[in-house]
Student: 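Okay, handing you the structure first.
Along the sequence shown, the residues carry numbers beginning at 1.
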Amino acid sequence: MKKLSVLLVCGSGASSGFMAANMRKAAKAKGLDIDIKARSESEIENYIDEIDALMVGPHLAYILDDIDDYVGDTDVKVILMKGEYYSTLDGAKAIDHLLEEMEK
């Protein structure tokens, strides 16, 4: 698998920052080469051309239509993170979800 570049977004970038750190640890433990950044949702436009996947905090489900406008016709996979792992900042489950979605 080629190196993946992933952007996590939440409201301010704080909770996604913790999740990104946990996902980096989980990816490393699984031997995966994944670049994971965390930013606030207001910065999506700045990164859309640099990423393969955009993972959105479950509390931001309401912005998915706006995100589709940012993504346009790029190949960026938009993934709504699940509350079950986001609420506990479970990086391993987030990585599993990411990989599952990337295979679709």
Student: Under the salt bridge (Lys or Arg N to Asp or Glu O under 4.0 Å) test, which residues partner E84, sequence neighbours left out?
Tutor: none

Student: For residues 55-83, pull every pair meeting salt bridge (charged side-chain N to carboxylate O under 4.0 Å, His left out), keeping only residues two or more places apart or in separate chains.
Tutor: none

Student: How close do C10 and S15 get, heavy atom to heavy atom, and via which atoms?
Tutor: SG-OG, 3.4 Å

Student: By the ring-ring contact (aromatic ring centres under 6.0 Å, His included) test, which pairs, at least two apart or in different chains, include something from residues 72-104?
Tutor: H59-Y86, Y85-H97

Student: With hydrophobic residues grouped by side-chain heavy-atom distances under 4.5 Å, do L54 and F18 end up in a single group?
Tutor: no

Student: Mind checking what makes side chain to side chain donor-acceptor pair (under 3.5 Å) contact with K30, not counting sequence neighbours?
Tutor: D96

Student: Taking side-chain contact (heavy atoms from CB on, under 4.5 Å) as the test, write out the residues that go with A21, two or more places apart.
Tutor: R24

Student: Got a sec, which residues hit side chain to side chain donor-acceptor pair (under 3.5 Å) with D52, two or more places apart in sequence or on another chain?
Tutor: K2

Student: Taking side chain to side chain donor-acceptor pair (under 3.5 Å) as the test, write out the residues that go with S42, two or more places apart.
Tutor: S40

Student: Test of understanding: clusters of I, L, V, M, F, W, Y form through side-chain heavy atoms closer than 4.5 Å, transitively. Do I79 and V9 belong to the same one?
Tutor: no

Student: My understanding is that only residues two or more places apart in sequence, or in another chain, count here; which of them pass side-chain contact (heavy atoms from CB on, under 4.5 Å) with I48?
Tutor: I44, I51, V71, V76

Student: Starting from I36, can I reach V78 by hopping between I/L/V/M/F/W/Y residues whose side chains sit under 4.5 Å apart?
Tutor: no

Student: Count I, L, V, M, F, W, Y as connected when their side-chain heavy atoms are under 4.5 Å apart, and connections chain through other members. Are L60 and M55 then in the same cluster?
Tutor: no

Student: Has the side chain of S5 got a donor or acceptor atom that lies under 3.5 Å from a matching backbone atom of E50?
Tutor: yes

Student: At what distance, to the nearest 0.5 angstrom, does CG of L4 lie from CG of L99?
Tutor: 7.0 Å

Student: For Y70, which residues count as a ring-ring contact (aromatic ring centres under 6.0 Å, His included) partner, sequence neighbours excluded?
Tutor: none

Student: Among all residues two or more places apart in sequence or in another chain, which pass the side-chain contact (heavy atoms from CB on, under 4.5 Å) test with L80?
Tutor: V56, A61, L64

Student: Indicate yes or no: at least one non-hydrogen side-chain atom of L8 is less than 4.5 angstrom from one of M81.
Tutor: yes

Student: Can you give me the closest heavy-atom contact between A27 and I95, atom names plus distance?
Tutor: CB-CD1, 4.0 Å

Student: Tell me every residue that passes salt bridge (Lys or Arg N to Asp or Glu O under 4.0 Å) with K28, counting only those two or more places apart in sequence or in another chain.
Tutor: none

Student: In this structure, would L98 and M19 fall into the same cluster of hydrophobic residues linked by side-chain contacts under 4.5 Å?
Tutor: yes

Student: What residues form a side-chain contact (heavy atoms from CB on, under 4.5 Å) with K37, not counting sequence neighbours?
Tutor: L7, D35, R39, Y47

